[in-house]
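Below you'll find the structure, written out as structure tokens, and then a few comments.
Quantities reported herein were computed from a predicted structural model and do not represent experimental measurements. The chains referred to below are lettered A, B, ... by the order of the sequence lines, with proteins before strands, and numbering in each begins at 1.
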There are 2 protein chains.
Amino acid sequence: MTAGNVAGNSLSKERLRLWLRMLRVTRQVEAELRERLRTEHDSTLPRFDVMAALYAAEEGLKMNELSKRLRVSNGNVTGIIDRLVEDGAVERIAIEGDRRATRVCLTVVGRENFRGMAVEHERWINALFEGVNEEDAHHIGELLHRLPASPNNAD
Amino acid sequence: MTAGNVAGNSLSKERLRLWLRMLRVTRQVEAELRERLRTEHDSTLPRFDVMAALYAAEEGLKMNELSKRLRVSNGNVTGIIDRLVEDGAVERIAIEGDRRATRVCLTVVGRENFRGMAVEHERWINALFEGVNEEDAHHIGELLHRLPASPNNAD
DNA sequence: CCTAAACATTTTAAGCTTGAATTTTATACA
DNA sequence: TGTATAAAATTCAAGCTTAAAATGTTTAGG
């Protein structure tokens, strides 16, 4: 995980250190979430992300919008949706007037299922970030705003 | 990516927001790195991580130590090393006195190759985190220390 | 009407990732 | 010594991920 201090000044090194720490924390939290989703809900993180996006969209989303929103490739979304459809959590609905696209929706079962996971998800995060008080959480959140990843963010 | 505000108090929500932002930034940076490693060095992020760990270990590492250090499964490391060996960047060396284990080392070519990537990697990170000054980088870094992922961290 | 370009999605090949099962080797201890 | 247990690594099946190619559909221009 260390990137090898091959060159660079002090600021560059401090930024590199920051990045490596972010990476470590993120991976650790993701590992925790993945483990619990697997053992307690027989699910996965990508499925959770997809369901969260669909849950937030009352009328469902086109595959298109889904992959844009989650910032993953469209082929990727196809596979995840395929499996969610198999499990009866999601359905593909034809769009009138455009036979290219489909609208993807959570089923009643899917919504129910997601609600259960989401409640626990928030609890897990709350526990994992126990060492961070509200002020710090807010502060870091603000700082993160300056970082690259804010092209057309909607959340 | 939004997790659905299903329950929780204000602190819990602030922590959730923090997590979602960390996730977004991390994924964006990873996507950038992956893209550049691919197009400019015909490589990948997992390979870079493995090579970084080996570069830092003068005498190489056992598969065991490698997977522990990178916090990924051992089966995973096997595959990545297989491909690095194919490419001549890494070699497996028998350990005297224990025929179960192997020591994995960067070859001269591998070290050379990694050095090139690492220099650029630090530049990329430095550019991606341009909006963060030294003080902030240090501050966030310190705060991240309080977060879960610090079991037996060595960096 | 026809056709070229744009669009939405799926398919494909390659690689990453995990947890579980398997294989091989070492160690402990009866 | 013999055998059970532990340890190191690989293999396996399933799923995630990407970039690129292919498929089918719509739209715009001539």
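Atom CD1 of I81(A) is separated from atom P of dT11(C) by 14 Å (rounded to the nearest Å). The CD1 atom of I95(B) sits 13 Å away from the C1' atom of dA26(C) (whole-angstrom rounding). Rounded to an integer number of Å, the gap from CG of L33(B) to P of dT18(D) is 14 Å. Spacing between atom CG of N64(A) and atom C1' of dT26(D) amounts to 14 Å, rounded to whole angstrom units. The CG-C1' distance, from L66(A) to dT10(C), rounds to 15 Å in whole Å. If you take CE of M63(B) and C1' of dA9(D), they are 7 Å apart, rounded to a whole angstrom. The CG-C1' distance, from L37(A) to dG19(C), rounds to 16 Å in whole Å. Atom CD of E30(B) and atom C1' of dC16(D) are 14 Å apart (whole Å).
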Evaluation steps, side chain to side chain contact (heavy atoms under 4.5 Å, CB included), between H121(B) and L16(A): CA-CA 9 Å; H121(B) 175 267; L16(A) 184 55; 3.7 Å; yes

Evaluate the criterion salt bridge (Lys or Arg N to Asp or Glu O under 4.0 Å) for residue pair R83(A) and E86(A); output intermediate values, then yes/no. CA-CA 5 Å; R83(A) 285 179 284 273; E86(A) 271 178 34; over 6 Å; no

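Put simply, N76(B) has no side-chain N or O that comes within less than 4.0 Å of OP1 or OP2 on dC16(C). For R38(A) and dT18(C), the shortest distance from a side-chain N or O to OP1 or OP2 is not below 4.0 Å. Not one side-chain nitrogen or oxygen of R71(A) sits closer than 4.0 Å to the OP1 or OP2 atom of dT17(D). Remark: R83(B) is in phosphate contact with dC16(C), judged by side-chain N or O atoms under 4.0 Å from OP1 or OP2. The shortest distance between the side-chain N/O atoms of T44(A) and the OP1/OP2 oxygens of dC16(D) is below 4.0 Å.
In this structure, E35(A) reaches the sugar-phosphate backbone alone: every heavy-atom distance under 4.0 Å involves primed, P, OP1 or OP2 atoms, never a base. In this structure, R103(A) reaches neither bases nor backbone, as no heavy-atom distance under 4.0 Å exists between it and the strands shown. Residue contacts for L45(A): at a heavy-atom cut-off of 4.0 Å it reaches no nucleic acid atom on any strand shown. Note on N74(B): a base of the nucleic acid sits closer than 4.0 angstrom, heavy atoms only.
Hydrophobic cluster membership differs between L18(B) and L11(B), with clusters built from Ile, Leu, Val, Met, Phe, Trp and Tyr side chains linked at under 4.5 angstrom.
Nearest nucleotide to the K62(B) side chain, out of dA8(D), dT17(D), dT9(C): dA8(D). Set against dA8(D), dT18(D), dT25(D), the side chain of D98(A) has dT25(D) as its closest nucleotide. When distances run from any side-chain atom of P46(B) to the nucleotides dC16(D), dT17(C), dT10(C), the shortest one goes to dT17(C). Nearest nucleotide to the T78(A) side chain, out of dT18(C), dT11(C), dT18(D): dT11(C).
Comparing R100(A) and S73(A) along DNA chain D, the residue whose closest nucleotide (by nearest heavy atom) sits nearer the 5' end is S73(A). In terms of position on DNA chain C, the residue among G75(B) and R92(A) whose nearest nucleotide sits closer to the 5' end is R92(A).
Looking only at distances, no side-chain donor or acceptor of R92(A) sits under 3.5 Å from a matching main-chain atom of T102(A).
Other residues, nucleotides and ligands contribute only 12 or fewer heavy atoms inside 6.0 Å of the CD atom of E130(A).
Pairing each heavy atom of H139(B) with each of L143(A), the nearest pair is CD2-CD1, 4.4 Å.
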